[in-house]
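Only one structure is covered here, and it is reproduced in the block below.
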Amino acid sequence: MTNLSQQLEILFPAEDQIPEEFRIEALHQRDYLVDGEIRQWDGPTQEVVSPIFVQTPAGLVRKVIGSYPLPVDDNEALDALDAAVRAFDSGRGAWPTMSVTDRIECMERFVGKMMEQKKAVVNLLMWEIGKTLADSIKEFDRTVQYIYDTIDAFKDVDRAGSRFRIEEGIIGQIRRSPLGVVLCMGPFNYPLNETYTTLIPAILMGNTVLFKPPKHGTLLHHPLLDAFRTSFPKGVVNTVYGRGATVVPTLMKSGKINVLALIGSSRVADSLKKMHPKSNRLRAVLSLDAKNAAIILPDADIELTVKECMLGAMSFNGQRCTALKILWVHRSVADVFLQRMGEELNKLKPGMPWSQGAQVTPLPEPGKPAYLDACLRDAEAKGARIMNEGGGTTVESFVFPALVYPVKDGMKLYREEQFGPVVPVVPFDDIDEPIAYIIDADHGQQVSIFGSESEPLARLIDPLVNQVSRVNINAQCQRGPDTFPFTGRKDSAEGTLSVEDALRSFSIRTVVATKDTAQNKTILNDIVEQHQSEFLSTKFIF
Ligand code: G3H
């Protein structure tokens, strides 16, 4: 066993070494939310194991942190679907017809109750997916902020729709209306934030929702179930548990899902969309695979580039859809860049999620260490080397970050989205090489370009903006700020998410129009003055 292996191994705590405030009582969830009721489950369950191992007399053992319902058939999912369909009631339900002010009030009630659960959710984030304490708190706070920003943006949308337009002799009022039943599924790496970036705007726009938590990151939603139940009319939010591979196809094949909101893999999205019997009735809001590249030009400021590449490639162990997953470096600066990246990678501090300053934490996907190891062995067999001492050292769920060079076409790391702490570096001589790589890629989310002179950067911007959806100059790739559009081309996304764009994604512009005649004007005036309609109204929300 190497020194580093030993160091990693002893980071896993014995039970009594876990700080008291972060200890976890196993949470055996038996309740779930359907049709406004918290129902009790007495069938089979799925055991939840943490990425964190504990020291025992028998060696390292993965900590069991609870369990959740795992229905063997689709009956519960179909019950949830029926509840959502009933609550929407073809657009006549209490929720889709509720006034905007009242819907906002429900959402504000929810977020107030959500904040009471912060401690429980943050602790579960650490235990379920191994996210550091600081990042778990950030994920929670960012989500709360996202909800408040969404409420503000919703008010703006409503204000914009609160006036009539008169054009070509037609008077019209244009507002956004809900689409129906939305199936929301988020990813394990941001199980709270990314799930809620679809769930919250979908609800606020008047849709009803089926919400299936991710496989890793299920329990952390449990403390919030009652907040949903007590904040919204029955059937607006319904949870779905069970094996995704069987339950979700059943929901899609029913033809009753109007919007598929999935943050996950393009392969899954592709097959689910095809299952809907009326494909034109289905809207998809998808955030999918990505293999964001960095392009490092000969005149790049190496210190700044290394700092951003470290953040871009290593935050949350590289488990971000926006992570930098391949670095193209000009051959003239490759040595100095590799030297500095290697040094910085080896300064990263491994630790438990709650340990002060921990930067490398255990990985939640049980198969991931073996997959990353296979990527490293494949690269080595084809001529690459691990450039940092101890890179790739693995102890159970811990994988120490590896810098791999020179990566080339034909290696797994060249095209596969590693989604973990491995940094492939490709040297280039001609700028057309990274551009050709991005053009040939199946992904098209973002790119980072590093350089000091404006002219070479400008020459890169124009071809790249038509390949990806965000070009970052001298900065890592990232989703935020949440008010910026977040999307991608090719297999990376469908639709756009941001505070404002998400409200659009989960609604459709709808017009009430009439000819500009005296009689019609009287009718419109009567409806508005006597508040006879929620849609046709000039009420202005302050
Ligand atoms: O996993 C993908 C996330 O949307 C990335 O968000 O760039 O803010 O970490 P982030």
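Atoms within each ligand, like the ligands themselves, are counted from 1 in listed order.
- An N or O contact shorter than 3.5 Å links Asn189 to ligand 1 by distance.
- Counting only heavy atoms of the protein, atom 4 (O) of ligand 1 lies nearest to Glu194 OE2, 2.4 Å.
- Under 4.0 angstrom from ligand 1, the non-hydrogen atoms of Arg142 all belong to its side chain.
- With respect to atom 2 (C) of ligand 1, the closest heavy atom belonging to the protein is Cys321 SG, 2.2 Å.
- Here is the list of ligand 1 atoms found below 4.0 Å of a heavy atom in Tyr190: 1 (O), 3 (C), 5 (C), 6 (O), 8 (O), 9 (O), 10 (P).
- Of the charged side-chain nitrogens involved, at least one lies within less than 4.0 Å of a carboxylate oxygen, so that Lys138 and Asp135 count as a salt-bridged pair.
- Per-residue contacts place Gln478 under 4.0 angstrom from the following atoms of ligand 1 (heavy atoms of the residue considered): 7 (O).
- Other residues, nucleotides and ligands contribute at most 12 non-hydrogen atoms within 6.0 Å of the CD atom of Glu453.
- Proximity to Arg479 (heavy-atom distance under 4.0 Å) selects the following atoms of ligand 1: 4 (O), 6 (O), 7 (O), 8 (O), 10 (P).
- Looking at Leu262, Ile263, Val268 one by one, the single match for side-chain contact (heavy atoms from CB on, under 4.5 Å) with Met185 turns out to be Leu262.
- In summary, the aromatic rings of Tyr414 and Tyr437 are positioned with their centroids under 6.0 Å apart.
- Heavy-atom minimum distance, Asn238 versus Ala84: ND2-CB, 3.6 Å.
- For ligand 1, the atoms closer than 4.0 angstrom to any heavy atom of Thr322 are 2 (C), 5 (C), 6 (O), 7 (O), 9 (O), 10 (P).
- Annotation: Phe12 is in aromatic contact with Phe398 [ring centroid separation under 6.0 Å].
- The proximity of Phe316 to ligand 1, defined as any non-hydrogen pair under 4.0 Å, does not occur for either the backbone or the side chain.
- No donor-acceptor contact under 3.5 angstrom links the side chains of Gln445 and Lys490, judged on distance only.
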